[in-house]
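Taking it in order: structure first as structure tokens, then the write-up.
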Amino acid sequence: MQIRVQTLPRLGDVTTVKAKTHPISAVLEVPNHFAHADWQVCLWHSTDGNEWEGLDLAPATEEEEAVDLELSASLSRLHFRAELPFNKSIQFTIKFRHTLDQPWIWTNQEYGIEDGYVVSEDTAAASQKLEDLIPNLSSEWSISTLRSQAPETSLWSLTTKIAPCSADKSSFKDVEIGTPFTHFRKWFALVRSGVPWIAPRKGLSRFALDKEAILCSFADGKGRHLVFLAVSGVDDILALFRSTDSNSITLHARNDAPVERDLMVLVSTGYKLDKAIASVIYHARSLIWKYSQTEGSTSLSDKPSDFEPKWRENWYDGLGYCTWNSLGQNLTEDKILEALEDLEKGGISISNLIIDDNWQSIDGTGQGAAQPGWLEFEANPTGFPGGLKGAVSQIRRNHRNIEHIFVWHALLGYWGGISPRGAIAQRYKTIRVRREDNNTDMTVVAQDDVSKFYDDFYSFLIQSGVDGVKTDAQCALDAIAGAAARKALIAAYLDKWSIASLRHFGSNAIVCMAQFPQALFHAFMPRIRSPVVARNSDDYFPDEGPASHRWHVWANAHNSIFAQYLNVVPDWDMFQTSHAFADFHAAARCLSGGPIYITDKPGQHNLELLRQVASSTTLGKTIILRPSVVGIALDPYLDFNSGALLKIGSYHGSQSGGISLMGVFQTSEVRNSCLTLLSEFRGISELDSYVVRAYTTGRLSKPLRFTNGQSPALLTTPSVKGYEIYTAYELTTFPSRHFGVMGVANLGLIDKMTGCAAIEASRILMDSKISVTSKLRALGVFGVYISSLSSMTIDDNFMVSIFGHPVPRHTVSISSSADSVLEVDVQTAWKELGLDSGWSNELEVTVNILDI
């Protein structure tokens, strides 16, 4: 008999609370035929370090039960609850049995789940000295107390010196920091999984990094976090963390300058991990900004006088198509045209086309190069006999729906840089550099000609009809071996490419393979240009096994914990819609807040899935619905291999009023569930009431609100496709003659995964009637939650209009999934009414609730 146990607070975790009495909730998921057994659930616990004892949990009342938005045909969920007073802490586990004569089943023994902890937050007693938080802190570091820009946190800097480079060889230094908290319960890090990418790592009381890390966080047994950030990208410094055999964190640094430099580590502590991370990154951002202003680096503040900003809708709001996985590496103009024709025949309207690698004119390897080099600007004549301009012109003639065409190129030209035999090498000054990653030489454009090189190339692209670039392999800069070349080229290429792309293409650029420290700090941390779309993880590999697809989403969600503070729009990479994990990837992309583009092979499309991801505007353009806040992993310390659900939190709207989203994703073959507090949703207020909707089932919760500071809970479960998206909508309540109090919420487009992001503006008012007015970015099925809907009729109680025009009666209905949701098929109504929004891509829908 398979039984699953979920608890709040969670087993295997530390929960910090302010109250001295805390509820303990448990849910047993049991087969239906065991639902009526005499189940006993016991909380085995130690309060304030006293002797262990048992406390029987009582069946929860209906009001105390976690809200379940999944209909399960085979499982019953039994809810139990108790409240336990304490002063400092509770340590607990759970045991249960289904009859009195059966032995107890212990969760720690049966499932290997560690004890849970509830800790009283006592900020007054928390030390404000870094030496107390790291008692064995190395004396080599100088400590400075800094003013934190994040509330409820403390911030310090650790500094030491590193020697200058010598004889064109960078200097290196390893200096130990110490052991956080002396003993810690768990840790989280973002490591360099390779030269181009970062990825998450997790652990418990043993700190063991397999790769060098950019950011590390540690949690003690009292609910506190200690966050370390190694500052790179300043003064030609590269700094990363390593672990030691003595369980300490140490800094490994590199200096490319011919003078002694400072090394800096920022350290923050707080009871909220997100605030502690924000503290170190906010300060690092201010350091980078001051450096760019005072050290004479070529920055965007030095932009040329002919630069003019362009204000227009973001290109990445449109649905895109990339040629990489879809058409393979033997790319030709004919293949692209055939693929676009196939998309159009299939009813798929894309706005953005990315012509990926293998369009350029390149030579073979040779002259010491391990990879091909770039010959000339023009496309290779074999695959593109009419040149790049001919191909682009043909694409634009045949497919008027395509607004933007991007082409791929490497930051240094191609994977092997510039071919010494080509026209580019003859036109621009070049130098030979040694690569550390493959121990070969590479020709690149020299520092003096980088600006001219990019300006000429991008002018050629514009003349060819191209209006955007995907600039890849940026990490090749960090593979350069010589100290002098590194010092001359790294910042110069990052700055001059940024200026050139902004001048020629505005925001129409994608940065790829650029998660190396110098780029993350020097190029992406300052907010001195419009955000650039930046790849957020290693590639999507469609032919890899299930673990690869789950890891891809997992890594992106965790990398976004850092990326959310950068001046970038995180790009979670393309995906294929006709794939076993297509829905899984699509849901993650919708929550990411970044672009969405597909890489389907011709004839292999899932139109139904695309209809859930993308929408049509009133002008006929296909767009995606991006939440306004980047999606991130909500619990960084969870281990991928534990089978725990990945929770991705996002948000749409302003801080003063918006809608919170949470995706739950399966990380193993086992379909688990998890108890989730409403307070875990981003942007939730304890003063308001909410309804929560599950996307795949369409089911809604009852109205939820905090009681005596305690958050209500939901039982969150992925669908059979491995994901679920929950959206929390704030309720507006009104007095009603017939129904007492009526709760109303604007749900946005309920047929889309992130349909709340279609809402541009919303207004709910009451005079003689209740009016729900919404400005929408796109067409679809519009939903309104009405608490009394089951007692109302559409003909007697509702009048629905678009721009003041009554919609056809058959386009308004009550949802088959939830009798409290009124549905308006706006797409059908718009078409049948024959309306015109003019130049605007918005439409206004009003639902009037009458006779209330």
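Sequence positions, counted from 1, serve as the residue numbers for this chain.
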May I ask you to check whether Trp315 and Phe406 place their ring centres under 6.0 Å from each other? yes
Verify whether one side chain among His552 and Asp538 offers a donor that lies under 3.5 Å from an acceptor in the other. no
According to salt bridge (Lys or Arg N to Asp or Glu O under 4.0 Å), who are the partners of Arg192, at least two apart in sequence or on a separate chain? Asp478
Which distance, rounded to the nearest 0.5 Å, do you find between the CD of Gln474 and the CG of Asp472? 8.0 Å
With no hydrogens and no angle check, is any side-chain donor or acceptor of Tyr540 less than 3.5 Å from a backbone partner on His549? no
Does Gln360 form a side chain to side chain contact (heavy atoms under 4.5 Å, CB included) with Glu376? I'd like the steps, not just the answer. CA-CA 8 Å; Gln360 291 167 285; Glu376 59 177 323; over 6 Å; no
For Ser592 and Gly594, indicate whether the former's side chain and the latter's backbone hold a donor-acceptor pair under 3.5 Å. yes
Any donor-acceptor pair under 3.5 Å linking the side-chain atoms of Asn841 with those of Thr617? no
What heavy-atom pair brings Cys512 and Lys470 nearest, and what distance separates the two atoms? SG-CE, 4.2 Å
For a quick check under 3.5 Å, do Asn556 and Asn536 share a side-chain donor-acceptor pair by atom type? yes
Between Glu333 and Gly383, is there a donor-acceptor pair closer than 3.5 Å when you use the side chain of the first and the backbone of the second? no
Pair Lys389-Glu378, salt bridge (Lys or Arg N to Asp or Glu O under 4.0 Å): steps then yes or no: CA-CA 9 Å; Lys389 184 175 183 178; Glu378 186 57 85; over 6 Å; no
N/O donor-acceptor pair under 3.5 Å between Ser578 side chain and Asn606 backbone: no
Before we go on, tell me: are the rings of Trp359 and Trp374 under 6.0 Å apart, centre to centre? no
Centroid-centroid under 6.0 Å between His409 and Tyr458 rings: yes
In short, His522 meets Ala491 closest at the heavy-atom pair NE2-CB, 4.0 Å
Look at the side chain of Ser660 and the backbone N and O of Arg682, then say whether any donor-acceptor pair between them is shorter than 3.5 Å. yes
Do we see a donor-acceptor contact under 3.5 Å between the side chains of Asn746 and Ser762? yes
For this output row, return yes or no: ring centroids of Trp572 and Tyr597 closer than 6.0 angstrom. no
Under the criterion side chain to side chain contact (heavy atoms under 4.5 Å, CB included), I'd like the reasoning laid out for Gln394 against Leu337: C-alpha separation, chi angles, the key distance, then a yes or no. CA-CA 8 Å; Gln394 186 71 18; Leu337 290 169; 3.7 Å; yes
Got a second to check how far Asp455's CG is from Ile499's CD1, nearest 0.5 Å? 9.5 Å
How are the rings of Phe457 and Phe377 set relative to one another: parallel (under 30°), tilted (30 to 60°) or perpendicular (over 60°)? tilted
Using modelled atom types only, decide if a donor and an acceptor are shared between the side chain of Ser650 and the backbone of Pro627 within a distance under 3.5 Å. no
Is it true that a side-chain atom of Asp363 and a backbone atom of Ser419 form a donor plus acceptor pair closer than 3.5 Å? no
Between the NZ atom in Lys831 and the CG atom in Leu833, the distance rounded to the nearest 0.5 Å is 12.5 Å
Would Arg427 and Asp456 satisfy salt bridge (Lys or Arg N to Asp or Glu O under 4.0 Å), going step by step from the backbone distance to the final call? CA-CA 11 Å; Arg427 185 172 183 180; Asp456 290 348; 3.5 Å; yes
Please determine whether side chain to side chain contact (heavy atoms under 4.5 Å, CB included) holds for the pair Leu520 and Phe562, giving the CA-CA distance in whole Å, both sets of side-chain angles, and the decisive distance to 0.1 Å. CA-CA 10 Å; Leu520 293 174; Phe562 189 84; 4.2 Å; yes
Side-chain H-bond candidate by donor/acceptor type, Gln612 with Tyr695, under 3.5 Å: yes
Might you point out which heavy atoms bring Cys756 and Thr727 nearest each other, and give the distance in Å? SG-CG2, 4.2 Å
Heavy-atom pair with the smallest gap, counting every atom of Ala473 and Trp415: CB-CZ3, 3.6 Å
CZ of Phe782 to CD1 of Ile750, rounded to nearest 0.5 Å, is 9.5 Å
For the residue pair Glu403 / Ser351, report whether a side-chain donor-acceptor contact shorter than 3.5 Å exists. no
Which pair of heavy atoms, one from Asn559 and one from Ala199, lies closest together, and at what distance? OD1-CA, 3.5 Å
Could you verify whether a donor N or O on one side chain and an acceptor N or O on the other, from Tyr414 and Asp357, lie under 3.5 Å apart? yes
With Leu610, the side-chain contact (heavy atoms from CB on, under 4.5 Å) member among Ile596, Thr622, Ile348: Ile348
Has the side chain of Ser498 got a donor or acceptor atom that lies under 3.5 Å from a matching backbone atom of Leu494? no
Could you walk me through whether Asp751 and Arg611 pass the salt bridge (Lys or Arg N to Asp or Glu O under 4.0 Å) test, one step at a time? CA-CA 8 Å; Asp751 59 331; Arg611 279 191 283 268; over 6 Å; no
Listed by chain and number, what are the salt bridge (Lys or Arg N to Asp or Glu O under 4.0 Å) partners of Asp334, not counting sequence neighbours? none
Any salt bridge between Arg626 and Asp317, counting N to O under 4.0 Å? yes
Can you confirm whether the side chains of Ser719 and Thr696 place a donor and an acceptor under 3.5 Å from each other? no
Assess the residue pair His579 and Asp600 against the criterion (side chain to side chain donor-acceptor pair (under 3.5 Å)); give the C-alpha distance rounded to whole Å, side-chain angles, the decisive distance to 0.1 Å, and a yes or no. CA-CA 9 Å; His579 189 280; Asp600 288 353; over 6 Å; no
Donor + acceptor pair across side chains of Ser361, Asn380 (<3.5 Å): no
Ring centres under 6.0 angstrom apart (Phe453, Tyr428): yes
Between Asn567 (side chain only) and Arg529 (backbone N and O only), is there a donor and an acceptor less than 3.5 Å apart? yes
Backbone N or O of Thr599 within a donor-acceptor pair of the Gln576 side chain at under 3.5 Å? yes
Inter-residue atom distance Leu646.CG - Arg550.CZ, 0.5 Å rounding: 12.0 Å
Atom CG in Asn508, atom OH in Tyr316: separation rounded to 0.5 Å? 10.0 Å
Any side-chain donor paired with an acceptor under 3.5 Å for Trp197 and Asp539? no
For Lys335 and Glu338: C-alpha separation, side-chain torsions, deciding distance, then whether salt bridge (Lys or Arg N to Asp or Glu O under 4.0 Å) applies. CA-CA 5 Å; Lys335 284 185 177 181; Glu338 289 170 6; over 6 Å; no
Give the minimum heavy-atom separation between Thr754 and Leu625, together with the two atoms involved. OG1-O, 2.8 Å
